[in-house]
Amino acid sequence: MPCSNPGAVQFSTPLREKYLVNRSFASFVAGKAEIRRYGFFLSFLALLWMCTRPYRGIVHDSILYSFQAIASAVPERFSDDLYLRFGSQEDFSLYTPFLSLVIRLTDIETANLIVTIAGQILWIVGAGLLVRAVCHTPERRFLAFATLLLMPAAYGGLGVFSYAEHFQTPRIFAEGIALAGIAMAVRCAWRRSTALLALAMLVHPLMALPAVAVAFLLAARGRPALWLLPLVALAASIALAAADVQPFLRIRQTINGDWWDAVVQRSGFALMSRWTLPDIFLILVQFIVAGLIYWRGDGVERKLVRALTITVVVALLVNFVAADLLHNLLVLNLQFYRATWLLGVIANILAGALLPRLYAERDRVSAALLVGLALYALEHFFPLMIALALPQLALASAALWARHRMGSISRAMGAALIILTWLTTLCAIALIAVYLEQAIAVRLQARLWVYGLLASSVIAASLFVIGRSNSAIALTTCAIAVGISIYDQESPWQRLARSDDRPPRELMSIIEHAKNVYWESGMDYSWFALGRTQYFSCAQGTGSMFYERTALEYVRRGRALAALGTLDFAADESGFCFRSGVREQHATPGQEALRHACQSLPDLDLIVLLSEIRDAPRLTWKLPYALPVYRPTRGRLVRSDHDRFHFYQCKDFRTPVSAQLGPSRATLN
């Protein structure tokens, strides 16, 4: 007789077969439920990615990196451009040769798409490894990744940068590799972590430095000998500075005078003294979320939050003291404030891990915290929500702490919590209505599509929670299909830059014979479509914080052109471009502004504007379509459409007024 477990229930053959069939059917049903669950998770995350990071072509810094890659292949054509003339940052990264190779193998548009997708895939892998290392159940990993995508990605000042950007730059590659390096550090895989972080330093050292610091603090805990490494690095930096090795010699240099003024205006996002209240509120909210996790989290979460907090606090203090107060060139170039990108990533991941714990408690304090986190998430889509999220989260966290210490909260605190929760909720609804009305009024289709996809994701999540998984999957699938169809959200300005549309032969002849041309908001058109330098734009001043001659030349050109009030200038002091010399943003500059610009800039030959200046000699190029222009006016966006560019030759404005025979005008198609 075969051995059997005496404690086991013995079945006859028919009963055993029935039991096995039922067990197999149960496993089959459970397997299908698991497939549906993971199918919804993946489709929901894909929908969130489309909501938060639609493809917008060659925009923002991808214009600069693409131009740099093209210019490296033909330096003789672009070496005199303001962006490259006195130096660029390509010497400190391996990214430019990589992008240049991809462009040579394909073309600039295809290369941009390929590199953008590759960077985003790498970032998703790195973030996924970190989420997996920190969160220990599939549900928490899903929530952590969802909040990572959904919650605000901005960091630093003035909303200039964000993690996991929707365009190609070396930053997204460095971020993905650095996140993988931190994940390996959390798992104590030190060799892999070191190799990954070293690679991230080669791609973009500014983004990798805070990740290196966090990994070091994780490794150094309980290993006093490792604290010798920062001392060795400091000594090596001082020795390299003494040997005049770039960029270390900059530790002996400070920025003053016109150079400092240019940095304050153009690169105010790197100076904490220039940050706005929403910038500060965002960091405070992220610290509150990190503090809640440190208090309520497990050992892994607490270690990570501790290392992150030390890194970010020290980085911000160094940035404020050495850059803002002492004007040190090296510290300003290293931009220590960028450590806040890591604060945003890890705080947003841990917020997802916090959600199930708050939901399980189901009391008014936890509900208030959930409302605060929802307001924080809405900041990604509706600016100023952070001003509502901060007091909500601060009071709810204080109530949670009071309940923990005293067993309950006072009636006054409970009433204040209820009132504040209702007040912030009503204010949030009002703000959303205002933003929707504004988007409809100025026909911002891209933003409206994003709002529609966001609403679909919220409805799908609600359906899944109440058990309607099939409906939730169907809704996310339909929304993804719609999202794919409108995923490419290039603007008409971008399509102009990569189109074959050229001015007529007469105008092209004038452009080719002009050594220096200022084209309003036409930097990418000049670079990519016409294959020539651009005289001035806001973006070309990026190197002001690195090179004094770039800053001074940027100031010289900007001050002379500001009176034209073009799109390359900010409407007020809160912007990071030169402030426009035109008070009313819809005012048309007069001939005196043109005359001042041409006489102040003897090396400028041609000015191309969207504005038609009356009685001024000009030639006009009529486009086959209109270009939308959005200008902030009294706190609201106002849209105007332009289908003409007006060409003004500076030689017509350098002669005495009495010598001019009269205005000459022509419209060319």
Side-chain angles (χ1 to χ4, degrees), residues 26 29-52 127-128 131-132 134-152 289 292-293 296-297 347-382 385 388-389 392-393 396 400 417-418 421-422 424-426 428-429 432 450-483:
V29 171
K32 288 190 69 175
E34 192 78 2
I35 291 172
R36 280 200 303 270
R37 183 177 63 164
Y38 280 107
F40 173 75
F41 286 174
L42 292 175
S43 60
F44 184 78
L45 293 177
L47 183 58
L48 283 186
W49 187 273
M50 289 181 177
C51 288
T52 55
V131 168
R132 185 178 178 84
V134 174
C135 304
H136 308 300
T137 64
E139 289 77 12
R140 285 191 180 180
R141 289 169 184 167
F142 163 70
L143 289 173
F145 216 107
T147 52
L148 177 60
L149 299 183
L150 190 60
M151 288 182 167
V289 173
L292 287 171
I293 285 293
R296 306 288 295 274
N348 291 347
I349 287 175
L350 296 179
L354 184 64
L355 289 178
R357 301 169 192 176
L358 296 176
Y359 181 76
E361 294 178 0
R362 300 189 182 184
D363 56 24
R364 58 182 173 179
V365 177
S366 299
L369 281 171
L370 288 172
V371 170
L373 291 174
L375 293 171
Y376 170 49
L378 286 173
E379 172 68 16
H380 198 133
F381 306 93
F382 305 99
M385 288 291 181
L388 302 176
Q392 178 75 23
L393 286 172
L400 191 67
L417 195 60
I418 293 173
T421 300
W422 277 105
T424 54
T425 302
L426 292 174
I429 293 171
I432 291 172
V450 168
Y451 292 160
L453 292 178
L454 177 63
S456 300
S457 65
V458 172
I459 296 171
S462 303
L463 290 172
F464 187 80
V465 169
I466 64 174
R468 304 291 296 273
S469 57
N470 290 335
S471 300
I473 294 173
L475 179 58
T476 54
T477 302
C478 293
I480 288 173
V482 174

For the atom pair [atom1] ([X]) and [atom2] ([Y]), what is the distance rounded to the nearest 0.5 Å?
X: Leu417; Y: Leu400; atom1: CG; atom2: CG; result: 10.0 Å
X: Ile480; Y: Leu48; atom1: CD1; atom2: CG; result: 9.5 Å
X: Leu453; Y: Cys51; atom1: CG; atom2: SG; result: 4.5 Å
X: Leu354; Y: Leu373; atom1: CG; atom2: CG; result: 6.0 Å

Is any side-chain heavy atom of [X] less than 4.5 Å from a side-chain heavy atom of [Y]?
X: Arg357; Y: Ile293; result: yes
X: His380; Y: Leu150; result: no
X: Leu369; Y: Leu292; result: yes
X: Met385; Y: Ile432; result: yes
X: Leu393; Y: Leu375; result: no

Notebook entry, point to check: Is the distance between the ring centroids of Phe44 and Phe145 less than 6.0 Å?
Noted result: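 Aromatic pair excluded; centres sit 6.0 Å or further apart.
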Search all heavy atoms of [X] against all heavy atoms of [Y] and return the closest pair with its distance.
X: Ile349; Y: Ala144; result: O-CB, 3.4 Å
X: Thr421; Y: Val371; result: CG2-CG2, 4.0 Å
X: Leu358; Y: Ser366; result: O-CB, 3.4 Å
X: Arg141; Y: Cys135; result: NE-O, 2.9 Å

Checklist line | Cation-pi, Tyr359 ring and Arg362 (6.0 angstrom, 45 degrees) | finding: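 Yes, Arg362 and Tyr359 form such a contact.
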Next item on the list: Report the residue from Ser456, Ser471, Ser457, Ser43 that forms a side-chain contact (heavy atoms from CB on, under 4.5 Å) with Thr476.
Entry: Ser43
Next item on the list: Can you label the angle between the Phe40 ring and the Phe464 ring as parallel, tilted or perpendicular, going by 30° and 60°?
Entry: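 Aromatic pair Phe40/Phe464 classed parallel.
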